[in-house]
Student: 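Take this structure first; my questions come after.
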Amino acid sequence: MDKSSEHNGSVGLLVDKHVEYVKSLDKRHDEIEYWMTEHLRISGVYWGAVSLHLLRKSDALRKDDIIDYVLRCQNADGGFGGHVGHDSHLLYTMSAIQLLVMYDALNRVNAGKVIGYVKSLQDETTGEVSGDVWGEKDTRFAYISLAIMSFFDAVDQLNVDGVVEYVRKAMNYDGGFGSGPGGESHAAQVFTCLAALAIAGRLDIVDRERLSGWLAERQQKSGGLNGRPQKLEDVCYSWWVLSSLNILARVHWVDCQKLCDYILSAQDVDNGGIADRPGDIADVYHTCFGIAGLSLAGYDKYSLAEVDPVYCMPLSVIKSAGLRKWVDKVPENWEH
Amino acid sequence: HGRRREALKEPTVDEKEQNRQRVEKYCALNSSVMDLRSKSVFSTDALNQTRRLLELNTELHTVWNYRRQVFMQLDIWQDPEERQRVLEEELRFLMEIIMKNIKSYWMWNHRVWALSSLPRPEWQRELKLVAKLLAVDARNYHGWDYRRFVVARLKETVVDERVVDEQEFAFTTEQIKRDCANHSAWHNRSKLLPAVLSSTSEAAQASMLEEETKLILNAIYTDPDDQNAWLYYEWLVSMQPSDTSRLILLRNKVTAIRELLELEEDSKRPLIELVIALTAIDCMRPELVTNSEKQECLETLSVLQCIDAYRVGRYSDMNRILAQRWGLAANSSTTKPGLAVVEP
């Protein structure tokens with residue numbers, strides 16, 4: 001039975017509805033949306049899997065089906081596409097490897113092939129990382145390359161200094177980070193840069209005070225968070241902003257209770273799932289980051305699993321994989 | 001993002017049929033394109049089909065990849081004039097669909113590829129295009145990122161790069177004059193100012209920085225609640241050539257804040273900026289901050305805990321740290337103390 005506890009008249013976390021929502025995603029063949037998002041299906045599976053794991057309902061999806069699907073998305077170049085038969089890209093390779101790690105099936109891939117693929121995307125001279133062979137550069141790819149390599153304990157096979165330098169160049173006068181040198185600060189890029197620096201053990205280059213202040217200002221009157229000044233709040237920033245604050249050991253600089261209220265108000269009470277803001281149509285992306293945000297914010301009316309802020313995966317999985325070392329490399333005075 | 005839930009109603013038989021046809025049509029086209037691709041077909045038919053599919057869905061990055069491969073495999077690709085022609089046509093195609101999804105990374109990537117492959121790219125025309133786009137949506141970072149790509153390539157074609165930097169700097173001035181709260185313009189300005197400064201004499205640099213300070217102060221007075229303007233001011237402080245000028249700017253900031261607080265007492269942003277400014281002075285020259293100013297900082301942080309409750313955690317951290325640094329009692333009062341007007 002669904003435990004929806006009352007809190008200030010608002011709805012609690014609709015656990016069972018969200019589980020049903022995630023389970024229903026693969027069956028929506030009559031919806032054009034289903035087909036038009038086929039190119040990122042593997043990421044959709046990842047977002048759904050994280051949602052279920054954090055809700056402690058991972059049994060709701062069949063592990064073998066997921067592993068099979070992931071493996072079928074791998075291409076000859078060692079990378080993974082967003083769906084079977086689609087071109088490789090770091091974005092989808094990341095989701096693939098995250099899924100395999102979550103389902104304890106990393107040994108089902110040839111590590112050398114994946115490592116080779118990631119390495120091939122780093123420019124030997126500049127250290128910049130492309131998303132795929134077509135050369136788009138973005139700090140997201142700096143993060144993903146480090147994260148994937150860390151899963152295989154092969155971070156030192158990358159030019160880490162080069163990646164760090166690229167991230168440093170993306171830092172702005174407000175303490176935030178953009179998509180690359182010259183890019184405007186944006187909470188999602190802040191997350192990717194902080195996570196990259198955390199894995200590389202180089203959080204020392206961060207302007208902690210300025211960035212924490214900038215992130216704290218993301219909380220709007222509604223309690224929700226936006227991604228940069230003057231923009232609308234959106235549930236997904238519950239993740240990008242809060243994970244960043246968590247890495248900076250400053251989660252308490254926003255009102256977590258109000259944030260939880262906001263996230264809960266964006267739930268679809270009839271069909272399950274969480275939307276970008278109250279009253280909008282839910283999708284699995286916002287469901288994932290809404291639940292992850294609730295976990296980081298310490299939502300206590302339901303026992304959510306803890307989530308790692310660098311990998312956006314269950315903390316228990318990250319610990320088992322020996323990937324919490326990043327915490328030891330955080331600057332000493334950051335009080336973690 | 002941003003799609004509203006309608007009140008739940010069962011779709012009509014007609015609507016269901018329409019949806020089914022839409023799905024069928026889309027899936028058929030998608031299958032056809034993926035089939036051609038799997039057979040490595042590089043033909044004008046492939047161009048036509050991929051175009052129709054991408055018009056329906058700009059996010060199919062595998063199809064963009066394939067479309068590029070088709071172009072590059074065609075015989076005409078080897079002829080510079082033909083290549084120029086087809087790529088200009090491609091740019092027109094992109095302009096048609098760009099308004100559908102102005103935030104599509106894949107579409108912008110494709111445009112970058114097209115410009116990079118053009119025998120005779122027209123960078124100035126691209127600048128004008130982006131300017132139009134930014135007039136519609138001044139905060140679109142895809143547009144700004146693309147503009148930087150164009151500027152970088154433009155610089156490769158000119159004799160003196162500084163002219164381009166100055167042109168871009170002037171573009172941000174235009175944006176700011178139109179709307180001094182345009183964060184994206186200020187951000188880009190922060191990347192250009194150092195380059196523009198370094199290409200002038202020291203005397204000219206001092207005068208430029210002074211002008212810049214006036215400009216940002218104007219923005220601050222126009223909207224004291226705009227966090228970004230204060231951050232830019234702080235950055236200008238850090239850009240000063242000496243501690244002396246830094247301290248002058250910080251004191252000017254405190255003066256400006258006091259003026260603003262006279263107009264509106266419990267104004268959050270000026271209050272937090274007061275603490276930030278006095279703390280910054282204290283970091284450089286502790287002897288230049290009076291005891292009553294230190295006390296004022298702690299009291300201000302208490303006020304902030306009341307008027308900006310979401311960020312109580314931040315203010316109480318700052319309170320604790322400053323109190324410790326200055327050997328004062330951390331102010332835990334929750335009532336609003338009267339703020340004396342303090343002579344600096």
Student: Can you list the residues that meet the side-chain hydrogen bond (donor to acceptor under 3.5 Å, both in side chains) rule with Ser95(A), with sequence neighbours excluded?
Tutor: Ser43(A)

Student: Below 4.5 Å from any heavy atom of chain A, which atoms of Met34(B) appear? Answer side chain, backbone, both or neither.
Tutor: side chain

Student: Return the option, out of Gln230(A), His186(A), Glu136(A), with the maximum number of heavy-atom pairs under 4.5 Å with chain B.
Tutor: Gln230(A)

Student: Would you compute the distance between atom CZ of Arg4(B) and atom CG of Asp280(A) and round it to the nearest 0.5 angstrom?
Tutor: 4.5 Å

Student: Which residue out of Cys256(A), Ala275(A), Gly213(A) racks up the most heavy-atom pairs below 4.5 Å with chain B?
Tutor: Gly213(A)

Student: Taking Tyr310(B) for the side chain and Lys221(A) for the main chain, is one N or O donor matched with an acceptor at less than 3.5 Å?
Tutor: yes

Student: Quick one: which residues of residues 54-63 of chain B reach chain A at under 4.5 angstrom, heavy atoms only?
Tutor: Leu56(B), Asn57(B), Glu59(B), Leu60(B), His61(B), Thr62(B)

Student: Count the heavy atoms belonging to other residues, nucleotides or ligands that lie under 6.0 Å from CD of Gln324(B), then report whether that count exceeds 12.
Tutor: no

Student: What part of Leu91(A) lies closer than 4.5 angstrom to a heavy atom of chain B: side chain, backbone, both or neither?
Tutor: side chain

Student: Are Trp106(B) and His89(A) an aromatic pair by the rule of ring centers under 6.0 Å?
Tutor: yes

Student: Pick whichever of Arg37(B), Arg22(B), Lys16(B), Glu24(B) has the most heavy-atom pairs under 4.5 Å with chain A.
Tutor: Arg37(B)

Student: Strictly less than 4.5 Å between heavy atoms, which residues of residues 137-146 of chain B line up against chain A? Please order them by number.
Tutor: Arg139(B), Tyr141(B), Asp145(B)

Student: Under a 4.5 Å heavy-atom cut-off, does chain B meet the side chain of Asp276(A), its backbone, both or neither?
Tutor: side chain

Student: Just do the side-chain hydrogen bond (donor to acceptor under 3.5 Å, both in side chains) check on Asn172(A) and Trp235(B) with the steps written out, would you?
Tutor: CA-CA 10 Å; Asn172(A) 298 313; Trp235(B) 176 71; over 6 Å; no

Student: I need the Arg250(A) CZ to Arg314(B) CZ distance, nearest 0.5 Å.
Tutor: 8.5 Å

Student: Is Tyr105(B) close to chain A through its backbone or its side chain, or both, or neither, when contacts mean heavy atoms under 4.5 Å?
Tutor: side chain

Student: Which residue out of Ser316(B), Ser190(B), Ser38(B), Ser184(B) racks up the most heavy-atom pairs below 4.5 Å with chain A?
Tutor: Ser184(B)

Student: Taking side chain as everything from C-beta outward and backbone as N, CA, C, O, which of these in Glu38(A) sits under 4.5 Å from a heavy atom of chain B? Side chain, backbone, both or neither.
Tutor: side chain

Student: Identify which part of His83(A) has an atom lying under 4.5 Å from any heavy atom of chain B, answering side chain, backbone, both or neither.
Tutor: neither

Student: Go through it in stages, so that I can follow the logic: the residues are Asn228(B) and Tyr173(A), the test is side-chain contact (heavy atoms from CB on, under 4.5 Å), and I'd like the CA-CA distance, side-chain angles, deciding distance and then a yes or no.
Tutor: CA-CA 10 Å; Asn228(B) 188 65; Tyr173(A) 67 91; 2.8 Å; yes

Student: Tell me which of these, Val312(B), Asn65(B), Leu231(B), has more heavy-atom pairs under 4.5 Å with chain A than the rest.
Tutor: Asn65(B)

Student: With rounding to the nearest 0.5 angstrom, report the CG to OH distance, Asp87(A) to Tyr66(B).
Tutor: 11.5 Å

Student: Between Arg311(B) (side chain only) and Ala216(A) (backbone N and O only), is there a donor and an acceptor less than 3.5 Å apart?
Tutor: yes

Student: What part of Cys236(A) gets closer than 4.5 Å to chain B, counting heavy atoms only: side chain, backbone, both or neither?
Tutor: side chain

Student: Tell me, for Lys25(B) versus chain A, whether the close heavy atoms (under 4.5 Å) come from the side chain, the backbone, both or neither.
Tutor: neither

Student: Could you tell me which portion of Ser179(A) (side chain, backbone, both or neither) has an atom closer than 4.5 angstrom to a non-hydrogen atom of chain B?
Tutor: side chain

Student: In Å, rounded to the nearest 0.5 Å, how long is the span from CG of Asn30(B) to CH2 of Trp35(A)?
Tutor: 9.0 Å

Student: Nearest 0.5 Å, what's the NE2-CD distance between His183(B) and Glu184(A)?
Tutor: 8.5 Å

Student: Would you indicate whether the side-chain heavy atoms of Trp134(A) and Asn109(B) approach each other to under 4.5 Å?
Tutor: no

Student: Please look at Arg20(B) and chain A and tell me whether the side chain, the backbone, both or neither of the residue comes under 4.5 angstrom of a heavy atom of that chain.
Tutor: neither

Student: Contact part of Tyr285(A) toward chain B, heavy-atom cut-off under 4.5 Å: side chain, backbone, both or neither?
Tutor: side chain

Student: Which atoms of Arg269(B) come close to chain A, meaning under 4.5 Å heavy atom to heavy atom: side chain ones, backbone ones, both, or neither?
Tutor: side chain

Student: With a 4.5 angstrom heavy-atom cut-off, is it the side chain or the backbone of Asp174(A) that approaches chain B, or both, or neither?
Tutor: both

Student: Could you grab the distance from atom CG of Asn19(B) to atom CD of Glu33(A), nearest 0.5 Å is fine?
Tutor: 11.0 Å

Student: Side chain from CB out, backbone as N, CA, C, O: work out which of these in Trp64(B) comes under 4.5 Å of a heavy atom of chain A, or both, or neither.
Tutor: neither

Student: Backbone N or O of Asp268(A) within a donor-acceptor pair of the Arg5(B) side chain at under 3.5 Å?
Tutor: no

Student: As an exercise: rank Gly131(A), Ala282(A), Gly81(A), Gly183(A) by heavy-atom pairs under 4.5 Å with chain B and give me the winner.
Tutor: Gly183(A)

Student: Can you sort out the partners of Asp255(A) under salt bridge (Lys or Arg N to Asp or Glu O under 4.0 Å), two or more places apart, ordered by chain and number?
Tutor: none

Student: At a 4.5 Å cut-off on heavy atoms, which part of Gln220(A) comes close to chain B: side chain, backbone, both, or neither?
Tutor: backbone

Student: Select, from Glu209(A), His29(A), Arg228(A), the one with the greatest count of heavy-atom pairs under 4.5 Å involving chain B.
Tutor: Arg228(A)

